[in-house]
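Notes to accompany the following structure.
Chain letters run A, B, ... following the sequence lines, proteins first, then strands; residues in each count from 1.
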Protein chains: 2
Amino acid sequence: MRVTINDIAKKAKVSASTVSRVIADSPRISAATKEKVLKIMKEMNYHPNMIARSLVNRSTRIIGVVLPGLAEQSFQHPFFPELLAGIGSSANQKGYKILLANVDTVDEEQQMVKELTYGGITEGIILLTSRDQSPTVEQLVKIGFPFVVIGRTDNPCVNWVDNDNFLIGYQLAEHFIQQGHRRIAFLGYSPGYMVTRDRMHGYKKALEDHQLPFDQEMVVESQFISGQGYDLMKLLLARKPRPTAVIACDDLLAFGAIKAIQEAGLQVPDDIGVAGINNVPLADYYNPPLTSVKINAFSLGTKAFEMLCTVLNSNVQSYNRAIIPAELVVRSSSRREKG
Amino acid sequence: MRVTINDIAKKAKVSASTVSRVIADSPRISAATKEKVLKIMKEMNYHPNMIARSLVNRSTRIIGVVLPGLAEQSFQHPFFPELLAGIGSSANQKGYKILLANVDTVDEEQQMVKELTYGGITEGIILLTSRDQSPTVEQLVKIGFPFVVIGRTDNPCVNWVDNDNFLIGYQLAEHFIQQGHRRIAFLGYSPGYMVTRDRMHGYKKALEDHQLPFDQEMVVESQFISGQGYDLMKLLLARKPRPTAVIACDDLLAFGAIKAIQEAGLQVPDDIGVAGINNVPLADYYNPPLTSVKINAFSLGTKAFEMLCTVLNSNVQSYNRAIIPAELVVRSSSRREKG
DNA sequence: ACCCTTAATGCAAACGTTTGAGCCTATATA
DNA sequence: TATATAGGCTCAAACGTTTGCATTAAGGGT
């Protein structure tokens, strides 16, 4: 039997309300009483029951974090812990706890969000998604539940935080163009996913701006895992003429691509330059070190949480966006003059 | 104003108890009433309030997962998402939700655990730790809160699930010995962390069993990040005679080590064989592909959750252990006859 | 016509808090 | 002396459920 506020009240010969106000440090309680009650609380090792408190306060100080792709191998990516660390770090600071819901399918996601929103456990939701159309997002918008998206969707009525993926694609392409490359491939386009599409569009725009032809053959689709990078790079190597540079939508893809290139007896970056995105810790220690783009997943997380807080604390409806700056990190894998 | 059980009751002209029993699908309610109430519930889009339910049931169906090292770079490791996926997957199945608490320091960990245990939000805790001595574990044991450790500690009064790290170390060493190596280094020993110590002891035992000398110079300490693998490998290369094989306590360390070896103008595996542990997705696509040990983080997670469930559902106190089998995956980085 | 059983439902307390309103008591003001 | 004014506290309702017990009605056996 756990010790409750009434036990304390009885022992201290005051009412439960008084104890409650002592906990809340209300000025309406005399110093003497406060001291007495606090002492007894300590003695009896009392800790308030959060559930009961939440019930009356209608506030749990818990937010839900919904991550998709639980089952896919792409979930095994350093991006996720970094993001979670970011969210958790700022959540801790503000005394919020996070309820992690990693879901497998879109149906599961919807079901989970339904539980989180209607169940009253979570006050808000951070949703990681980059699908064009997300029924989950529609649902959240419809019922007016506070949430923030990490990534981007078509729906304009959402708060989101993201990198400028168009710019990332543009900069990477421009980087290669400046190195004299004319035939640049784009690896890892995944239709239906805004991230990859935005990056691809940025890449395309850079080509246009520099009067380079866009060749559909130079764009290959895939998911974010190194195995595919390897296989798809083989395809690209078979194209005639083959590319002299490859932008991979993720470092893991890039690692796979490099392996395929090296196995074909070619050199990176001398024969083919390679760049990835995400700047995973290993990029620096790969052979050759991989040019990549630091997307600051940690900041994405902290910013998303802060934004959610803003939403929670303001009753006026408004749609905020935040762009987390990304940073091109040039390493040997894309340097022509040998790094 | 959210719709409550009373709203439903009123509309259906029954009592709240009846509605409650309909929700619970109690046999004491007639089919006709059930149907009527269910229909109204749907019409009014009613969803039971979990907080209120938890209060009376004394059961939240939420478990806490406490992960350390939030701030450290080593948290950016595929191990964590995989583990979380495992926990989440089996938690989902049993209708549990997980509260993720990633903490920075030992103090923070203790504080967090205190909140989780006393607050009444979580019914049990999964704690990731491999410290010899964990004040958090002592605390949990003392107050008798249901928890499971992933990893291992000195305290015998805990339920834990882990790999057989001694065996892992032993097998890796033996693998190299069978390849004819006589001077094998161990990279990544971290005193105070059971994982690395167990692995190191396994390695040591294998040397003994094959009448090979154990040389303290061949053991270097570090954390699990590739940067250190690189730096420490350089140290090892300076030793005379230098090792002909290196066991790294983690794949990321191994990757760093390989880079250092290659930069020194040496070949892997011809001059120096290398093996890691954890079998990260990239191991297969590294150059050369990295010999590693699959530790099945996903299974660690599922098993830990199942064990916690057992603890929660049985009132007799008993201490369970589970060993998740690990699997040596031999790749080119450790094959002498060129893979 | 009576009692007993069974099925279906309602009543009210309980879970552990918070909080607005009200009630004392003592002191200051008229 | 009566009256306002705080200060310090208590009362009781409320938050939204669940659940043991009571109640009602109907049917079956004598």
Q: Identify whether any heavy atom of A:Ser54 sits under 4.0 Å from a base atom; if not, whether one sits that close to sugar-phosphate; answer base, sugar-phosphate or nothing.
A: nothing
Q | Closest contact, heavy atoms only, B:Lys114 versus B:Thr117 | A | O-OG1, 3.0 Å
Q: Report the nucleotide, chosen from D:dC9, C:dT19, C:dT17, that has the shortest atom-to-atom distance to any side-chain atom of A:Asn57.
A: C:dT19
Q | Inter-end axis angle, the helix from C:dA1-D:dT30 to C:dA30-D:dT1, with every axis fitted to five base pairs (rounded, 10 degrees) | A | 70°
Q) Closest nucleotide of DNA chain C for A:Arg53 versus for B:Val56: which of these residues is on the 5' side? A) B:Val56
Q. Under 3.5 Å, is there a donor-acceptor pair linking the side chains of B:Ser15 and B:Thr18?
A. yes
Q: Please examine the side chains of B:Met194 and B:Thr153, heavy atoms only from C-beta on, and report whether any two atoms are closer than 4.5 Å.
A: no
**Q.** Sorted by number, the residues of residues 5-15 of chain A with heavy-atom contact under 4.0 Å to DNA chain C
**A.** A:Ile5, A:Asn6
Q. With the threshold set at 4.0 Å, does a side-chain nitrogen-carboxylate oxygen contact exist between B:Glu43 and B:Lys39?
A. yes
Q. Just by distance, do the side chain of B:Thr302 and the backbone of B:Ser90 share a donor-acceptor pair under 3.5 Å?
A. no
Q.
With a 4.5 Å cut-off on side-chain heavy atoms, are A:Leu116 and A:Phe147 touching?
A. no
Q) Starting at CZ of A:Arg2 and ending at P of C:dA14, how long is that distance when rounded to a whole Å? A) 19 Å
(Q) Can you measure B:Ile51 atom CD1 to D:dA14 atom C1' for me and round it to whole angstrom units? (A) 16 Å
Q | Between C:dT17 (P) and A:Ile23 (CD1): distance, integer Å | A | 7 Å
Q. Do A:Pro135 and A:Gln139 come close enough that some side-chain heavy atom pair is under 4.5 Å?
A. no
Q: Write down the distance between CG (B:Asn49) and P (C:dC15), rounded to a whole number of angstrom.
A: 18 Å
Q. Does atom CZ of B:Arg131 have more than 12 heavy-atom neighbours, drawn from other residues, nucleotides or ligands, at distances under 6.0 Å?
A. no
**Q.** Under-4.0 Å side-chain N/O to phosphate OP1/OP2 contact, B:Arg58 with C:dC15
**A.** no
Q: Take atom CD1 of A:Ile29 and atom P of D:dC9, then tell me their distance rounded to the nearest Å.
A: 5 Å
Which atoms of nucleotides 20-23 of chain C (N or O only) lie under 3.5 Å from a protein N or O atom, and what are those distances?
unit_1, atom_1, unit_2, atom_2, d
C:dG20, O6, A:Arg21, NH2, 2.6
C:dA21, N6, A:Arg28, NH2, 2.9

Q. Does the side chain of A:His47 reach to within under 4.5 Å of the side chain of B:Glu115, using non-hydrogen atoms?
A. no
Q) Between B:Ile121 (CD1) and C:dG16 (P), how many Å, whole number? A) 15 Å
Q. Hey, which of these two, B:Thr18 or A:Leu55, hits DNA chain D nearer its 5' end, going by closest nucleotide?
A. A:Leu55
(Q) Does B:Lys34 have more than 12 heavy atoms from other residues, nucleotides or ligands lying within 6.0 Å of its NZ? (A) yes
(Q) When you measure from the side-chain N and O atoms of B:Tyr118 to the phosphate of C:dG16, is any distance below 4.0 Å, counting only OP1 and OP2? (A) no
Q. Which part of the nucleic acid, if any, lies within contact of B:Ser20, taking any heavy atom under 4.0 Å across all strands shown: a base, the sugar-phosphate backbone alone, or nothing?
A. base
Q: Output the single nucleotide from D:dG16, D:dC9, C:dT17 whose closest atom is nearest the side chain of A:Pro48.
A: C:dT17
Q) Looking only at atom types and distance, does a side-chain atom of B:Asp7 sit under 3.5 Å from a main-chain N or O of B:Thr4, one as donor and one as acceptor? A) yes
Q. Take atom NZ in A:Lys11; do more than 12 heavy atoms of anything else shown fall under 6.0 Å from it?
A. no
